[in-house]
Amino acid sequence: MADCIFCKIIKREIPSQTVYENEAVMVFKDINPVAPTHWLAIPKQHIDNVADPRLLDGSLLQSIFGAIQHLAKTEGLSENGFRVVVNCGRDAGEAVPHLHFHLIAGRKMSWPPG
Ligand code: 5GP
Ligand code: ZN
């Protein structure tokens, strides 16, 4: 999508610090981290959010969680634990309308979220 920030990051029109990438998924550092590790895992295909039915097409979900599991293992996130967060819509605080999974780790977190 032409005016989508995350599509521009995928096309390298906006710089980002890439953590992991394959043909379907990109993971990069959040520009405003809320924890020592705060990455965003996004599909390269533009999908609005987790309510978008295209999420269930093909093997997209498998690719996203494959990337998350790969990073949890190779970056040692599983040791102390980590959180995967998906905000969908206004009440949840979704600010960028391109599906993204927050991968947050490196500090103790509270529950429930605010
Ligand atoms: P949301 O609130 O939509 O779930 O999360 C959007 C996230 O994208 C926020 O944590 C915000 O810091 C991050 N973000 C917004 N614009 C950029 C950007 O241009 N680059 C990077 N790396 N992260 C961004
Ligand atoms: Zn997009």
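Order of appearance sets the numbers: ligands from 1, and atoms from 1 within every ligand. Any value given below was found using the heavy atoms of this structure, including those in side chains, with hydrogens, waters and symmetry copies removed.
With a heavy-atom cut-off of 4.0 Å, Val86 does not touch ligand 1 at all. Proximity of Val85 to ligand 1, defined as any heavy-atom pair under 4.0 Å, is not found for any part of the residue.
When all heavy atoms of Glu94 and Gly89 are compared, the closest pair comes out as OE1-N, 2.7 Å. Shortest non-hydrogen contact noted between Gly93 and Asn87 is C-CB, 4.2 Å. Nearest approach of Met109 to Ile104, heavy atoms of both residues: CE-O, 3.5 Å. Nearest heavy atom pair, residue Lys44 against residue Glu21, reads NZ-OE2, 2.8 Å.
Considering backbone and side-chain N/O of Gly93, one or more are found under 3.5 Å from N/O of ligand 1. Inclusion of His38 in the set of residues having an N or O under 3.5 Å from an N or O of ligand 1 is not warranted. Checked against a 3.5 angstrom limit, the closest N/O atoms of Glu94 and ligand 1 fall outside it. Residue contacts with ligand 1: Ile5 is placed with no nitrogen or oxygen under 3.5 Å of a nitrogen or oxygen of the ligand (distance criterion only).
Crowding of Glu13 atom CD: a count of heavy atoms from other residues, nucleotides or ligands under 6.0 Å exceeding 12. The 12-atom threshold is not exceeded at NZ of Lys108, counting heavy atoms of other residues, nucleotides or ligands nearer than 6.0 Å.
Close approach of ligand 1 to His102 is summarised as follows: ligand atoms under 4.0 Å from at least one heavy atom of the residue are 1 (P), 4 (O), 5 (O), 7 (C), 10 (O). Taking every non-hydrogen atom of Asn32 and a distance limit under 4.0 Å, the qualifying atoms of ligand 1 come out as 12 (O). Those atoms of ligand 1 that come under 4.0 Å of a heavy atom in Phe6, given as number and element, are 8 (O). Interface atoms of ligand 1 facing Leu40, defined by a heavy-atom separation under 4.0 Å, are 8 (O), 13 (C). Residue contact check: His100 has heavy atoms under 4.0 Å from atoms 1 (P), 3 (O), 4 (O), 5 (O), 6 (C) of ligand 1. For ligand 1, the atoms lying closer than 4.0 Å to a non-hydrogen atom of Phe28 are 21 (C), 22 (N).
Between the side chain of Arg107 and the backbone N or O of Thr37, no donor-acceptor pair lies under 3.5 Å.
At the top of the distance list for atom 11 (C) of ligand 1, counting protein heavy atoms only, stands Asp30 OD1, 3.4 Å. At the shortest separation from atom 20 (N) of ligand 1 among protein heavy atoms lies Ile9 CD1, 3.6 Å. For atom 22 (N) of ligand 1, the closest non-hydrogen atom of the protein is Lys29 O, 2.9 Å. At the top of the distance list for atom 3 (O) of ligand 1, counting protein heavy atoms only, stands Ala95 N, 2.6 Å.
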Problem set entry | Check against side-chain contact (heavy atoms from CB on, under 4.5 Å), Leu99 and Asp52 | CA-CA 9 Å; Leu99 177 66; Asp52 187 325; over 6 Å; no
For this session: Begin with the C-alpha distance, continue with both residues' side-chain angles, and end with the deciding distance and a verdict on side-chain contact (heavy atoms from CB on, under 4.5 Å) for Asp30 and His102.
Result: CA-CA 8 Å; Asp30 195 294; His102 296 259; 4.1 Å; yes
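Closest approach between the Zn ion (ligand 2) and any N/O/S atom of His46 involves ND1. Checked against the Zn ion (ligand 2), the N, O or S atom of His98 at the shortest distance is ND1.
In the hydrophobic clustering of this structure, Leu103 groups with Leu61; members are Ile, Leu, Val, Met, Phe, Trp, Tyr whose side-chain heavy atoms approach within less than 4.5 Å, directly or through other members. Both Val96 and Ile10 belong to a common hydrophobic cluster when Ile, Leu, Val, Met, Phe, Trp and Tyr are linked at side-chain heavy-atom distances under 4.5 angstrom.
Note: Phe6 and His100 have perpendicular aromatic rings, judged against thresholds of 30 and 60 degrees for the angle between ring planes.
Only one option out of Val86, Val27, Leu40, Ile42 pairs with Phe101 in a side-chain contact (heavy atoms from CB on, under 4.5 Å); it is Val86.
In this structure, Ser16 falls outside the shell of residues with a heavy atom less than 4.0 angstrom from ligand 1. Distances from ligand 1 to the non-hydrogen atoms of Val34 include no value under 4.0 Å.
With distances taken over non-hydrogen atoms, the option nearest atom 21 (C) of ligand 1 out of Val96, Ile42, Ile31 is Ile31.
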